[in-house]
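Please read the structure below before turning to the comments.
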Amino acid sequence: MIFDRKNLTDTELLDLYKKLLKPRLIEEKMLILLRQGKVSKWFSGIGQEAISVGVTSVLEQDEYILPMHRNLGVFTTREIPLNRLFSQWQGKANGFTKGRDRSFHFGTQEYKIIGMISHLGPQLGVADGIALANKLASKNKVTAVFTGEGATSEGDFHEALNIASVWELPVLFVVENNGYGLSTPTNEQYRCENIADKGVGYGMESHIIDGNNILEVYTKLSEIANSVRQNPRPILLEFKTFRMRGHEEASGVKYVPKELMEEWAKKDPIENYKNYLLSIGILSEEKDDAFRKEIKAEIDQHYQIASEEPVITANLEQELKDVYAPFHFAEIFPTSEKENIRFIDAISQGLKQSLEKHDNLVVMGQDIAEYGGAFKITEGFVEQFGKDRIRNTPICESAVVSTAMGLSINGYKAVVEMQFADFVSTGFNPIVNYLAKNHYRWNEKADVVVRMPCGAGVQAGPFHSQTNEAWFTKTPGLKVVYPAFPYDAKGLLATAINDPNPVLFFEHKALYRSIYQDVPKDYYTLPFGKASLLKEGEEVTIITFGSGVHWALETLAKNENIKADLLDLRTLQPLDTEAIFTSVKKTGKVIILQEDTLFGGIASDISAMITENCFEYLDAPVKRVGSIETPIPFTKNLEEQYLPKNRFEQELLDLMKY
Ligand SMILES: Cc1ncc(C[n+]2csc(CCOP(=O)(O)OP(=O)(O)O)c2C)c(N)n1
């Protein structure tokens, strides 16, 4: 291995050596603890330290870095106190996740480290968002994100690199090519010679770097990082290295040919660098011993501190509270006159007024800029707010949601428009795994609203008609809003954007141009978790939301003799259980109408809650009405049979007779 010190001073050379030693010595301790059963799982980065240490060393303290599971050297080089790392690995309160997520699965704004989620790929898009925020704020900062060569096969890798390239984001994509993804060798993972070769496909500069040579990593990265700070752009960096231990400690390396292990053992980054430093007389064996002793003493002392901390106690209230970031709703009342507008105009107005109110709000989606969006909600926005804030995206829902997450981490608010709610399936992973779980995991908000043009009745077939709220009401950490009227849509959208939690905002397409209402012209907010009682009666409670509200209103208009409470839920998470129970206790009969297929929908849960809480008050079984259990057909007759609209009246009349 050839070392070229360029103009690095002796002190700098030794400093890098000590930085390399630290993660190695911690790992050696972890391996002992593992054998003693004191650590559960460990992903070794032995042999790969030069990459973590080298990359982190060239970044400024306030530049974000997004490491993976083998990057202990990132955490030690950023000088996180070791006792806090040990506490994290032991699941103690003084770690970073209150015992809620293990190993390196955490972030810390204090150290500007944003850890991975298990799904690997999403963090690449998060890095895009962080870098975009820096770029929008005219900060000349780079963001570095790590991934393994295995995870480069994920769609997220492609999507994130593509976005970074199209938007010229200052991101260093650090690929640690260590030969294996669990047991899968590179020739079963990809077919080009080098991962760096893929750069060309993204229109992106790329480099191959010897990942075991700390001086090569450090000097090349210093140059690249400086150049990116001056001229913001993404760079793909492939570091050639090798995984010297099992994927995780328990799994071993039986599948790796012995010769390969021997060949790479000779390239150990620490041994080689040490020999180089000895050869140029900067290091001596005595000095090396002293360094090691000092680091080992620090490790032992800090391990002791963590070990003496109590195990975490389960506190139900705290667990439930931390799922959502605190949000103090400020009700802003409209003061202006009203105008009669459509549902779609109310959403457009609400979004526009939020963009005026929040300078840090960025809207992203396909065709939303000059074209104005598939439904024209953002028509004219580019002229008023500019291309930086009204961003057309490539077709890549997953990385766009992850980018929104990164914007939130770095001080921005994001609204993502799904072109159709159906397409959220390709952005599902970051929503339910990243956004939803972030605050619970490490106390970091996900200030993102995902707008969901949804629903049937427009003869658009299985992929442009779904109302898929149940995919999200199931997941703790998300809020789900589903207005039925222009007034509610405008006020609730304003609240969704103010709320620092991830909100799925459902907008029924069939209501867009058919429902009018008098709506205040200026900005106002409406609270989440408050159903609206649209009609009052003593005989029956009708619970519904979205277009179901309008079907129920039509049915009641036809049957004026029925005395019903009609509850429009408006938000599904939080759910206004109080309004539900109060009404059911009054009427004794309840019918729940949802547009989605019945099984596993929110109607089922509401039904269960009513049975559990209002059983003594019921004069009839709780009735649910929903769509039939098929995908949504497109022709009119089939769609009408599918939807519950025409069945609802009969079901209601049957219930009245019970
Ligand atoms: C989406 C997803 N699929 C599968 C896994 C299981 N898994 C975890 S790490 C890993 C291998 C990753 O390989 P690579 O990206 O090369 O990183 P390395 O472990 O080699 O550092 C696999 C298959 C996962 N965590 N997430």
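Order of appearance sets the numbers: ligands from 1, and atoms from 1 within every ligand.
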- prompt: Does one side chain, of Asn71 or Glu176, offer a donor that lies under 3.5 Å from an acceptor on the other?
  reply: yes
message: Looking only at side-chain N and O atoms, does Glu12 offer a donor or acceptor that is under 3.5 Å from a partner on Tyr218?
response: no
- prompt: Who are the side chain to side chain donor-acceptor pair (under 3.5 Å) partners of Gln573, not counting sequence neighbours?
  reply: none
More than 12 heavy atoms of other groups within 6.0 Å of Glu262 CD: yes
message: Over 60° means perpendicular and under 30° means parallel, so tell me whether Trp42 and Phe104 are parallel, tilted or perpendicular.
response: tilted
- request: Would you please classify the geometry between the Tyr180 ring and the Phe242 ring as parallel, tilted or perpendicular, with 30° and 60° separating the classes?
  value: perpendicular
Give a table of atom pairs where an N or O of ligand 1 lies under 3.5 Å from a protein N or O.
| unit_1 | atom_1 | unit_2 | atom_2 | d |
| --- | --- | --- | --- | --- |
| ligand 1 | 15 (O) | Gly150 | N | 3.3 |
| ligand 1 | 15 (O) | Ala151 | N | 2.9 |
| ligand 1 | 16 (O) | Glu149 | N | 3.4 |
| ligand 1 | 16 (O) | Glu149 | OE1 | 3.1 |
| ligand 1 | 16 (O) | Glu149 | OE2 | 3.3 |
| ligand 1 | 16 (O) | Gly150 | N | 2.7 |
| ligand 1 | 19 (O) | His69 | NE2 | 2.8 |
| ligand 1 | 19 (O) | Arg70 | NE | 3.3 |
| ligand 1 | 19 (O) | Arg70 | NH2 | 2.7 |
| ligand 1 | 20 (O) | Asn178 | OD1 | 3.0 |
| ligand 1 | 20 (O) | Asn178 | ND2 | 3.1 |
| ligand 1 | 20 (O) | Tyr180 | O | 2.8 |
| ligand 1 | 21 (O) | Arg70 | NE | 2.8 |
| ligand 1 | 21 (O) | Asn178 | ND2 | 3.3 |
| ligand 1 | 25 (N) | Ser118 | O | 2.8 |
| ligand 1 | 26 (N) | Ser118 | O | 3.4 |

